[in-house]
Amino acid sequence: MLYADLHSHTFASDGMQTPTDNVRIATEAGLGAIAITDHDTVAGVDEALTAGKELGILVVPGVEISTVSQGEDIHILGYWMDHHNEQFLKRLAELRSVRDQRNEMMLEQLNELGVPITMEEVRASLKASKKIDETLGRPHIADALLRKGHVATIAEAFDRYLGKDGAAYVNPPRIEPSTAIRWIKEAGGVPVLAHPGLYGQDELIEPLVECGLAGIEVYHADHTPAQEVHYLAIANKHQLIATAGSDFHGERNGIIFHSPIGSKKIDVSVVQLLLKAKQPIAGRDSLKDSEEGT
Ligand code: AMP
Ligand code: ZN
Ligand code: FE
Ligand code: FE
């Protein structure tokens, strides 16, 4: 039986490996498919697709969009979009620019708290080999705090400063989950709710289904077995595609976040279900219709 891990991060956002590395690790783990789902960017997808062809493993183009609902960060995964779609790329770039402003505000907060840290130091925490246009996030700030000796672990950086209850936390003005769903659909992709067990907001799911949510990440590294049973029942109730993901970010300070590639996986046939749920891109379709009509 072949399996798919449908959630992994790379250098393109806050992962610690190249897209090629993730694809290689997935191949070594014996998987049949791996998705690249970086935060607010698809910059790693093309490299991963090339690596997938070379290594003989199916690579699913993906993204993980950060949104907010009722003050809670909600992540929407997107699969099989046209990842070169200009409007989609522009929309993701806008999200990254709001993120950059949020990052600057967090650094200001840290400085006010007597923790001197600059954006140059945060950027320096990126690996020198990193060539792709990336999403900067809190893990990069955590790295810089660790390197400068302000904290002893990444977990401490989140607990004291960067997490929701941290002293330097800034809540960015993010889009609603329904907007991310619309954007993914308009780019011809399939929207899936990431790690619902981390939100404690199940009432959020039904309205999102009405907006076109096609799947739900039932199996996630941070879900308990009871949560997996619970979300599988919700998936069945709403006829949502049940997906699985390790949410691999690679290793920081000796600790893998969230978990190794392949540690959460699902039958590879789910990839075909996602493909079947793909939305035709409106502009393209009308173009095709008019071509067929002539
Ligand atoms: P951001 O998207 O910049 O707000 O950062 C969110 C990311 O921070 C998540 O996707 C995780 O990769 C990471 N993160 C959140 N909490 C922790 C934690 N306690 N330890 C390590 N990484 C974390
Ligand atoms: Zn992350
Ligand atoms: Fe997430
Ligand atoms: Fe993730």
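Since the model is a prediction, treat every value here as computed from it, not as a measurement. Order of appearance sets the numbers: ligands from 1, and atoms from 1 within every ligand.
In terms of protein heavy-atom proximity, atom 11 (C) of ligand 1 is closest to Phe257 CE2, 3.4 Å. Nearest to atom 13 (C) of ligand 1 among the protein's heavy atoms is Pro139 CG, 3.6 Å. Distance from atom 7 (C) of ligand 1 to its nearest protein heavy atom, with residue and atom name: Asp14 OD2, 3.6 Å. For atom 5 (O) of ligand 1, the closest non-hydrogen atom of the protein is Arg138 NE, 3.5 Å. Distance from atom 15 (C) of ligand 1 to its nearest protein heavy atom, with residue and atom name: Phe158 CE2, 3.4 Å.
Sorting the N, O or S atoms of Asp247 by how far they are from the Fe ion (ligand 4) puts OD1 first. The Fe ion (ligand 3) sits nearest to atom ND1 when only the N, O or S atoms of His75 are considered. Its N, O or S atom nearest to the Fe ion (ligand 4) is what matters here, and for His9 that atom is NE2.
For Lys237 and Asp202, the salt-bridge test fails: no basic side-chain N is under 4.0 Å from an acidic carboxylate O. Salt bridge annotation for Lys90-Glu94: absent, with no cationic side-chain nitrogen under 4.0 angstrom from a carboxylate oxygen. Contact check on Lys264 versus Asp247 returns no salt bridge, with no Lys/Arg side-chain nitrogen under 4.0 Å from an Asp/Glu carboxylate oxygen.
Atoms of ligand 1 found under 4.0 Å from any heavy atom of Gly137 (numbered from 1 in listed order, with element): 3 (O). Using a 4.0 Å cut-off to heavy atoms of His249, the atoms of ligand 1 that qualify are 10 (O), 12 (O).
A side chain to side chain contact (heavy atoms under 4.5 Å, CB included) with Leu107 is found for one member of Val122, Thr118, Val170 and no other, namely Val122.
From Ile241, atom CD1 reaches atom CD1 of Ile216 across 12.0 Å, with rounding to the nearest 0.5 Å. Between atom CZ of residue Arg138 and atom CD1 of residue Ile154 there is a gap of 12.5 Å, rounded to the nearest 0.5 Å.
With distances taken over non-hydrogen atoms, the option nearest atom 3 (O) of ligand 1 out of Met106, Arg102, His39 is Arg102.
Between His195 atom NE2 and Glu64 atom OE2, the angle centred on the Fe ion (ligand 3) amounts to 100° (nearest 10°).
Distances between N or O atoms of Ser66 and those of ligand 1 include no value under 3.5 Å.
Heavy atoms of Arg99 found under 4.0 angstrom from ligand 1 belong exclusively to the side chain. When heavy-atom distances to ligand 1 are checked against a 4.0 Å cut-off, Arg174 comes that close only through its side chain, counted from C-beta outward.
Taking hydrophobic clusters as Ile, Leu, Val, Met, Phe, Trp and Tyr residues chained together by side-chain heavy-atom distances below 4.5 Å, Val270 shares a cluster with Val268.
Aromatic ring orientation, His258 versus His195: tilted (interplanar angle from 30° to 60°).
Under the 4.0 angstrom criterion for non-hydrogen atoms, Gly163 is not in contact with ligand 1. The shell of residues lying under 4.0 angstrom from ligand 1, judged by heavy atoms, excludes His258.
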